[in-house]
Amino acid sequence: MTEQLWRDVDTYFGGLLVGPDTALDAAREANTAAGLPAIDVTPALGKLLGLLAGSIGARRILEIGTLGGYSTIWLARALPPDGRLITCEIDPTHAAVARENLARAGLDGIVEVLEGPAAQTLTSVAGPFDLVFIDADKPSISEYFTHALRLSHPGTMIIVDNVVRRGSVIDPDSDDDAVRGTRRFAEMLAAEERVSATVIQTVGSKGHDGFALAVVG
Ligand code: SAH
Ligand code: DHB
Ligand code: MG
């Protein structure tokens, strides 16, 4: 009942504030057709990513975890014509679907899909970036956050998806690698003096979750 209500509210505001969108809708359909997991950000969070990128005037964006490029499209649309987005994806099928989705959205000129394990590909990426969105394998979040800091400048915004996971994050004895990785990141975030950060819990069509938002000082 409760989860259904969260879903219905997402659908209500999604219909009002996002609505039909040829490229985004086609991307979701292509993802489903190719058998990709339906774990993209919700339309509401996608729109928030775009609004945040636009409001800080982001010109260079780094994304870790592309899937089919749904969140990538939201972020890339917020860029100016000479902006640039690099997105890291380990799975060749996901990367191929994302490239098609991005081309259909007319964004292939400003987005580069970096294929391979992000821990490796990130070592060859040159910064700085104005915004970093971390949304890949959860055990590696703190490693990616370290890269994000290395590739940042004062004012860089770093957003990390899925840091609540139905509340499992508060279990100190969890043997789930995703939970342990997220907790490691949370402790690192708290101790990191170069950033000011918060976590916002969310409910909606993907259940109970949340994201961390950190700004480099
Ligand atoms: N940001 C996307 C969803 C990403 S899902 C959206 O909202 O639309 C997480 C993605 O991270 C998956 O496609 C998965 O293949 C990728 N991934 C997992 N481990 C990775 C790694 N080590 N390096 C790069 N990408 C990885
Ligand atoms: C999963 C990953 C995500 O990035 C997400 O937003 C939801 C679920 C997952 O791996 O289950
Ligand atoms: Mg996610």
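Order of listing sets the numbers, starting from 1, for every ligand and every atom in it. All heavy atoms count here, side chains included; hydrogens, waters and symmetry mates do not. Predicted model only: the values in this text are computed from it and were never measured.
Residue contact check: H94 has heavy atoms under 4.0 Å from atoms 12 (C), 13 (O), 15 (O) of ligand 1. Within the listing of ligand 1, atoms 1 (N), 2 (C), 6 (C), 7 (O), 8 (O) sit less than 4.0 angstrom from a heavy atom of S71. Distances below 4.0 Å separate heavy atoms of V41 from the following atoms of ligand 1: 6 (C), 7 (O). With ligand atoms numbered from 1 in the order given, ligand 1 contributes 21 (C), 22 (N), 23 (N) to contacts under 4.0 Å with heavy atoms of Y144. Less than 4.0 angstrom separates some heavy atom of D40 from each of these atoms of ligand 1: 6 (C), 7 (O), 8 (O). Each of the following atoms of ligand 1 lies closer than 4.0 Å to a heavy atom of P117: 23 (N).
Residue side and main chain included, D209 places no N/O/S atom under 2.8 Å of the Mg ion (ligand 3). In summary, D135 places an N/O/S atom under 2.8 Å from the Mg ion (ligand 3), meeting the contact criterion. For the Mg ion (ligand 3), the set of nearby N, O or S atoms under 2.8 Å includes none belonging to S71.
For N31 and H94, the side-chain atoms include no donor-acceptor pair closer than 3.5 Å. Counting only N and O atoms by type, the side chains of D137 and Y144 include a donor and acceptor under 3.5 Å apart.
Closest to atom 23 (N) of ligand 1 among all protein heavy atoms lies A118 N, 2.9 Å. Closest to atom 5 (S) of ligand 1 among all protein heavy atoms lies I39 CD1, 3.6 Å. Nearest protein neighbour of atom 19 (N) of ligand 1, counting heavy atoms only, is D137 OD1, 3.3 Å. Protein heavy atom at the shortest distance from atom 3 (C) of ligand 2 is N162 OD1, 3.1 Å. Residue, atom and distance of the protein heavy atom nearest to atom 3 (C) of ligand 1 are D135 OD2, 3.3 Å. For atom 9 (C) of ligand 2, the closest heavy atom belonging to the protein is R165 NH2, 3.7 Å. Protein heavy atom in closest approach to atom 25 (N) of ligand 1: I90 N, 3.2 Å.
When the side chains of ILVMFWY residues are joined at heavy-atom separations under 4.5 Å, either directly or via intervening members, L114 and L75 end up in two distinct hydrophobic clusters.
No donor-acceptor pair under 3.5 Å is formed between the side chain of R60 and the backbone N or O of I86. With hydrogens and angles disregarded, a donor-acceptor distance shorter than 3.5 Å links the side chain of T32 to the backbone of R28.
Note on R59 versus D82: salt bridge recorded, some NZ/NE/NH1/NH2 to OD/OE distance being below 4.0 Å. Under the 4.0 Å criterion applied to side-chain N and carboxylate O atoms, D21 and K47 are not assigned as salt-bridge partners.
Proximity of I39 to ligand 2, defined as any heavy-atom pair under 4.0 Å, is shared by backbone and side chain alike. The parts of E89 lying near ligand 1 are both backbone and side chain, judged by heavy-atom distances below 4.0 Å. Residue-level proximity to ligand 2 for D209 is absent, since no heavy atom of it falls below 4.0 angstrom. Contact annotation: for T66 versus ligand 1, heavy atoms closer than 4.0 Å belong to the backbone alone.
Looking only at N/O/S atoms, D161 comes nearest to the Mg ion (ligand 3) through OD2.
The two atoms that bring S205 and R7 nearest to each other are O-NH1, 3.1 Å, heavy atoms only.
Assignment of W74 to the shell around ligand 1 is not supported, since no heavy atom sits closer than 4.0 Å.
Screening D40, I141, I39, V41 against D135 for a side chain to side chain contact (heavy atoms under 4.5 Å, CB included) leaves a single residue, V41.
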